[in-house]
Protein chains: 2
Amino acid sequence: MPPRTSSPMPNNKSSSVTMDAVYTAPGYLFRRMQQIAVALFMEECKAFDLTPVQYAALIAISTHPGIDATRLSAVIAFDRSTLGSVIERLEAKAFIERKPAPEDRRVKLLHLTRAGAAVLRDIMPSVDQAQLRMLQPLKPADRKTLLGLLTQLVDLNNEASRVPLRAEDALEHLGKSG
Amino acid sequence: MPPRTSSPMPNNKSSSVTMDAVYTAPGYLFRRMQQIAVALFMEECKAFDLTPVQYAALIAISTHPGIDATRLSAVIAFDRSTLGSVIERLEAKAFIERKPAPEDRRVKLLHLTRAGAAVLRDIMPSVDQAQLRMLQPLKPADRKTLLGLLTQLVDLNNEASRVPLRAEDALEHLGKSG
DNA sequence: TCCATATTGTCAGTATGCTGTCAATCTCAA
DNA sequence: TTGAGATTGACAGCATACTGACAATATGGA
């Protein structure tokens with residue numbers, strides 16, 4: 001357990017600032033937890049050659065076959081520019097295919113390949129295991145509480161994000177209903 | 001508020017997987033929240049030319065004058081390789097200085113410059129404002145709960161991190177006491 | 001003393017993440 | 001119908017993150 005280096009430790013000279021300015025900041029804690037989450041995901045899923053971002057993209061393409069990159073970015077709330085290279089890598093691994101859209105020559109439609117569907121099916125247990133391990137150290141009731149509050153917070157801060165989640169965009173490629 | 005695209009929406013054909021596999025995963029939520037946190041930090045602090053990571057590093061150098069890069073990485077739990085370029089950028093902005101250590105020619109000691117101390121002093125209110133805004137959407141009691149659970153979780157998962165926090169390392173440059 | 005081993009900073013390579021720009025293309029209103 | 005404006009994918013540039021490797025240097029034990 002890392003010691004809380006706060007006021008009783010006299011390791012700051014003239015300044016009155018302590019490391020608590022960092023350690024207790026929500027932003028710092030979210031960053032640390034995200035890094036831990038990625039580390040656990042990669043550890044559990046190292047057999048599958050998929051990153052967390054690639055996994056989320058693959059799920060979304062599986063759920064929305066024929067979606068285009070822009071709408072995909074809205075569905076998983078990932079940056080559109082970043083997504084370009086993610087898609088490129090998924091295509092290089094032959095997990096997805098990109099086909100030009102007949103009605104709009106700007107758009108490229110995304111589809112899972114057979115291999116992509118297989119990886120997705122096979123990786124599931126490992127992903128679940130990783131998600132479990134992240135919250136494992138907490139008591140079950142606390143896990144529920146944290147997950148609930150976190151879900152609320154992400155939801156309520158949606159518009160503060162650079163790329164707000166717009167799940168309804170996912171339906172547009174199936175004939176405009178939003 | 002983004003709609004929860006769950007089972008009632010018939011937008012998946014043959015697969016039984018829905019986007020809930022992503023939306024309800026703690027890892028996904030931590031990623032989203034981290035991105036929101038960075039966006040809010042950058043928005044509040046855009047006048048100061050400091051990123052969240054650079055801010056944390058600057059605080060740590062301020063609190064531990066004469067620390068070296070390896071120990072700094074342990075104190076803020078940031079990757080040692082990444083920290084190299086962070087330090088480089090802080091030095092380029094003249095916020096810190098790097099001096100060779102007399103007793104160990106491998107080591108370069110880090111010190112705040114006058115300009116670095118000034119930025120740190122001036123940016124504080126904006127950082128605090130950003131940290132406030134992240135939790136703002138929650139009721140005060142819920143903010144406390146979330147922050148408490150998050151702190152616990154990061155603490156208990158410390159060893160799962162690639163770069164575990166080792167606050168005690170910070171004291172070693174002041175004459176071995178850990 | 002000398003060598004195996006460890007540590008430090010650095011670098012190359014890969015993968016996000018964000019800002020901005022750009023050409024190709026599409027849409028819609030005048 | 002045509003031209004202004006929007007959209008799409010691509011790209012350049014910067015800033016994290018992590019892996020693995022490497023040379024220079026330190027250290028401790030044989």
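Reminder, nothing fancy here: chain letters follow the sequence lines and each chain counts from 1.
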Separation of dT14(C) atom P from Asp49(A) atom CG, nearest Å, is 13 Å

Item to complete: Would you mind classifying the nucleic acid contact of Thr82(A) as base, sugar-phosphate or nothing, using non-hydrogen atoms under 4.0 angstrom?
Response: base

dist Gln131(B):CD -> Phe30(A):CZ (nearest 0.5 Å) comes out at 9.5 Å

**Item:** Same cluster (ILVMFWY, side-chain, under 4.5 Å), Met124(A) and Phe48(A)
**Value:** yes

Whole-Å distance, Phe78(A) CZ to dT16(D) P, equals 20 Å

Regarding the side chain of Arg71(A), the nearest nucleotide among dA10(D), dA26(D), dT8(D) is dT8(D)

Item to complete: Using a strict 4.0 Å threshold on nitrogen-to-oxygen distance, state whether Arg166(A) and Glu159(A) make a salt bridge.
Response: yes

Arg106(B) (side chain) and dT7(C) (base): donor-acceptor pair under 3.5 Å:
yes

note: Leu83(A), atom CG; dT16(C), atom P; distance rounded to Å ~ 10 Å

Paired with Arg32(B), the side-chain hydrogen bond (donor to acceptor under 3.5 Å, both in side chains) test is passed by just one of Thr151(A), Asn158(A), Asp155(A), Asn157(A), namely Asn158(A)

Please confirm whether the backbone N or O of Leu138(A) pairs with a side-chain atom of Arg143(A), one donor and one acceptor, at under 3.5 Å? yes

Is there a path of hydrophobic side-chain contacts, each under 4.5 Å between heavy atoms, that joins Leu110(A) and Val17(B)?
yes

Closest to the side chain of Asp79(B), out of dG9(C), dT19(C), dC18(D), is dC18(D)

When rounded to whole Å, the CD to C1' distance for the pair Glu103(B) and dT7(C) reads 14 Å

What residues 37-46 of chain B contributes to the DNA chain C interface at heavy-atom separation below 4.0 Å is none

| said: Regarding Ser81(A), tell me which of base, sugar-phosphate or nothing describes its non-hydrogen contacts under 4.0 Å with the strands shown. | reply: base

Here the distance between atom P of dA15(C) and atom CD of Gln34(A), to the nearest Å, is 17 Å

Check: Honestly curious: do Val53(A) and Leu120(A) fall in one hydrophobic cluster under the side-chain, below-4.5 Å linking rule?
Finding: yes

Whichever of Arg105(A) and Ile36(B) has the more 5' nearest nucleotide on DNA chain C, that residue is Ile36(B)

Under a 4.0 Å heavy-atom cutoff, the residues of residues 84-93 of chain A touching DNA chain D are none

Between Asp49(B) and Lys93(B), is a salt bridge (Lys or Arg N to Asp or Glu O under 4.0 Å) present by the stated rule, with each step listed?
CA-CA 9 Å; Asp49(B) 192 26; Lys93(B) 292 175 192 174; 3.6 Å; yes

Any side-chain N or O of Gln54(A) less than 4.0 Å from the OP1 or OP2 oxygen of dT16(C)? yes

Ranking Arg80(A) and Gln35(A) by the position along DNA chain D of their nearest nucleotide, the one closer to 5' is Arg80(A)

Taken to the nearest whole Å, CD1/Ile67(A) to C1'/dT7(D) is 16 Å

To the nearest 0.5 Å, atom CG of Leu83(A) lies from atom CG of Asp79(A) at 8.0 Å

Among the nucleotides dT25(C), dG9(C), dT16(D), whichever has the atom closest to the side chain of Asp104(A) is dT25(C)

Arg32(A) CZ to dT16(D) C1', in whole Å, measures 16 Å

With the side chain defined as heavy atoms from C-beta on, Lys108(A) is closest, among dT16(C), dA10(D), dT16(D), to dA10(D)

Leu50(A) atom CG is separated from dT14(C) atom C1', nearest whole Å, by 15 Å

Without swapping roles, check the side chain of Thr24(A) against the backbone of Ala21(A) for a donor-acceptor pair under 3.5 Å.
no

